[in-house]
Structure formats: structure tokens, C-alpha cells
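One structure is given below, encoded as C-alpha cells.
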Amino acid sequence: MRNSDNVQSVERALLIVEYLDENGEQGINEISRGLLLEKSTVHRLVSTLKNLGYLSQNPTTKKYANSFKFFEIGNGVVKRLGLRKQAQPFMRDLSEKSKEAVNLAIMDREHVVYIDKIESPSTFKIDLAIGKKMPSYCTGLGKVLLSSMEESCVRDLFKDRKLERFTENTITDIDDLIKNLRRIKSQGYCIDDEEYIAGLLCVAAPVLGHAGEPVAAISVALPKFRYDEKEIEPIVEAVKAASEGLSRELGYSL
């Protein structure tokens, strides 16, 4: 439902930005159909966003996409929060202990966004670039943040969205997801066992702010073929130690 205080042109412009974020490069006709807006309205708003530097246009296809300006703005927000700078020592320590990729992410509605990472020294690389947005319901980082939310809020978050299946292990039923989140909350960490990417395990734990609110999550991503169940336990303890240390750095008293 549209808020009566919203300025319609601003609201529509932001809907276009969000639509391009979800669907990638699109033409005027595609945006018009996708958002049920008049083509003339879409053309006017897209032209304005392009002129201001928020959209780029493919010179070959003439289609539009969000520009790097959004990443620059988001990166500036993260820098002002100081989270990346404060997290770096804990991420480096975790990387040295695990010898695997370490990621830091924050929640963005039903997604998580990777805001920092340290690559694995191994040749096994995963395309989880800074700024990448991932579904929260099937990633370790996302689920550990979802587990801190009220169950009713989680249901509201996904009530109009299908839980898409990415692998055989992806949870696609909201009731099963809620049960899984309860277990994650009680144990204080999450193991994503090939739920988003086949062959990949992710051990994640929440990072808490001074009032105990989750502000981010930290994880280690590792190839499943290299580990058995017992070898995962030290990784879990290292991730928990890193999340607790960073939480204390942010002012949270454990």
C-alpha cells in the first residue's frame, strides 16, 4: 500500500532502481511492463536518473542498468559506520586460523549484502564479491541474521516471495525455515550445508551492536570435500570467537 506521505515521482524512480537491481539490464518497455507504469513515465524518470549518474546505458542494446554510484554511496555508508575497519583485525585472524575465505555481510530486507571479504589462499575460489547481494533464507550469513528477528517479521518478509530452490538442500517451505531459524538462534551460529551453492559450506555467526542488536554477520566459506564433521568444529569455534570479539569491539557486553 502506498504511503500518503510519499512523493510519487520519487517513489517510482526508486522502484525503477530496485527493479534494475533485481533484474539487471532492462529496456524502457521491459521496465514499463515489469512495474506496470506508462512508458512515457518510465522514459522521463530513467532519463533523469541517467543524467544524474545513477543509471548507465548500454551503447549497443540501449538498455539501462544501475551505475556504480550506488555502490559508492553504499560503501560510504559502511565506511562512516566504521564496521569494516573494526572488523578487519578479526577477519584477518579468522582467515589465518581457518585458511579459508572470510566474509562480512549486513541485512538488506530479504537479502544479505557482502561488505567485506578476505579471499581463501587456496585455489578454490567462490564468486562472492563485495557488494554482492544474496538471498538470506539459504545462506549462512543471512539465516544467522534472520534468526534474530521475530518469527512474524520473517514470515512478513517472505509472504509475497517464493523461496526459490538453488540446490537439493535449499529450504523452500517457510515453516521449515522458521524451525531451522529457531535452532540457529539457540546454538548461536549457522552452518549452511550446500543450501545456496553445491559443494560449499558456510559457518556464520552474528555480530552484535552495543544494545545487543545484530548489525552484521561474519562467516567462513569452505569447500565441503575438504572437511568431515569433526574438522568443522574448530571452524565453528573460530567463527564464534571472531563474532564475539567484534561484538565486544562494537560495545556489546557478552
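When all heavy atoms of P206 and G188 are compared, the pair lying nearest together is CD-O, 3.5 Å. Heavy atoms only, all atoms of each residue included: I118 and S95 are closest at CG2-OG, 3.5 Å. Minimum interatomic distance between L145 and A105 (heavy atoms only, all atoms of both residues): CD1-O, 4.4 Å. Taking every heavy atom of both residues into account, A221 and E100 meet most closely at O-CB, 3.5 Å. Closest approach of S32 and E38 over heavy atoms only: OG-C, 3.9 Å. Among all heavy-atom pairs drawn from I191 and E195, the shortest one is O-OE2, 4.0 Å.
Heavy-atom neighbours of E150 CD from other residues, nucleotides or ligands within 6.0 Å: at or below the threshold of 12. At most 12 non-hydrogen atoms from other residues, nucleotides or ligands lie less than 6.0 angstrom from OH of Y54. Annotation for H43: atom NE2 does not count as buried by contact number, only 12 or fewer foreign heavy atoms lying within 6.0 Å.
Q57 and K50 share a donor-acceptor pair across their side chains, judged by distance under 3.5 Å alone. A donor and an acceptor atom, one from each side chain of E164 and T172, are nowhere located under 3.5 Å apart.
Between atom CZ of residue F166 and atom SG of residue C138 there is a gap of 5.0 Å, rounded to the nearest 0.5 Å. For the atom pair E25 CD and E30 CD, the distance stands at 9.0 Å (nearest 0.5 Å). Rounding to the nearest 0.5 Å places OG of S247 at 9.5 Å from CD of E213. Distance check: I31 CD1 to N23 CG gives 9.5 Å after rounding to the nearest 0.5 Å. Rounding to the nearest 0.5 Å gives a distance of 9.5 Å between CG of L94 and OG of S243. To the nearest 0.5 Å, the span separating NZ on K63 from CG on L20 amounts to 11.5 Å.
Q187 contributes no side-chain N or O that, together with a main-chain N or O of I184, makes up a donor-acceptor pair within less than 3.5 Å. With T167 contributing its side chain and E194 its backbone, the two residues share a donor-acceptor pair below 3.5 Å. R84 places a side-chain N or O within 3.5 Å of a backbone atom of I115 that can act as its donor or acceptor partner. Looking only at distances, no side-chain donor or acceptor of S219 sits under 3.5 Å from a matching main-chain atom of L141. No donor-acceptor pair under 3.5 Å is formed between the side chain of K117 and the backbone N or O of Y114. Counting only distance, with no hydrogens or angles, the side chain of T48 and the backbone of R44 share a donor-acceptor pair below 3.5 Å. A distance-only check finds no donor-acceptor pair linking the side chain of S147 to the backbone of L181 [under 3.5 Å]. Side-chain atoms of D192 never come within 3.5 Å of backbone atoms of L201 as a donor-acceptor pair (strictly under, hydrogens ignored).
The aromatic rings of F158 and Y137 sit perpendicular, their planes meeting at an angle over 60°, well past the 30° parallel limit.
The shortest side-chain heavy-atom distance between I218 and M91 falls under the 4.5 Å cut-off. Between M149 and L157, the closest side-chain pair of non-hydrogen atoms falls below 4.5 Å. Under the 4.5 Å side-chain criterion, counting only non-hydrogen atoms from C-beta, L35 is not in contact with V42. Using a 4.5 Å heavy-atom cutoff, the side chains of L200 and L222 are not in contact. In this structure, Y64 and S56 have side chains that are not in contact, with every pair of non-hydrogen atoms separated by 4.5 Å or more. The closest side-chain heavy-atom distance from L146 to M107 is below 4.5 Å. Taking 4.5 Å as the limit, some side-chain heavy atom of T139 sits within range of a side-chain heavy atom of V112. Residues Q88 and L246 are not in side-chain contact: their nearest non-hydrogen atoms beyond the backbone lie 4.5 Å or more apart.
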With side chain to side chain contact (heavy atoms under 4.5 Å, CB included) as the criterion, how do V215 and L208 come out once you've worked through the C-alpha distance, each side chain's angles and the decisive distance to 0.1 Å?
CA-CA 6 Å; V215 296; L208 307 179; over 6 Å; no
Candidate pair D173 and K179, rule salt bridge (Lys or Arg N to Asp or Glu O under 4.0 Å), full reasoning:
CA-CA 10 Å; D173 179 80; K179 291 177 185 176; over 6 Å; no
Report the C-alpha distance between L37 and R12 in whole Å, list the side-chain angles of each, state the deciding distance to 0.1 Å, and finish with yes or no for side chain to side chain contact (heavy atoms under 4.5 Å, CB included).
CA-CA 9 Å; L37 294 174; R12 288 176 171 176; 3.6 Å; yes
Yes or no on salt bridge (Lys or Arg N to Asp or Glu O under 4.0 Å) for E18 and R109, after CA distance, side-chain angles and deciding distance?
CA-CA 12 Å; E18 292 176 351; R109 293 181 301 177; 3.5 Å; yes
Kindly determine whether C190 and K143 satisfy side chain to side chain contact (heavy atoms under 4.5 Å, CB included), including the steps that lead there.
CA-CA 7 Å; C190 173; K143 291 205 297 179; 3.7 Å; yes
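Ion pairing between a basic and an acidic side chain is recognised when a charged N comes within 4.0 Å of a carboxylate O; K85 and E249 show no such pairing. A salt bridge links K97 to D93: at least one charged side-chain nitrogen sits closer than 4.0 Å to a carboxylate oxygen. Ionic pairing of D156 and R161 is not present here: no N-O contact between side-chain nitrogen and carboxylate oxygen is shorter than 4.0 angstrom. Salt bridge K133/D21: present, at least one basic N to carboxylate O contact under 4.0 Å.
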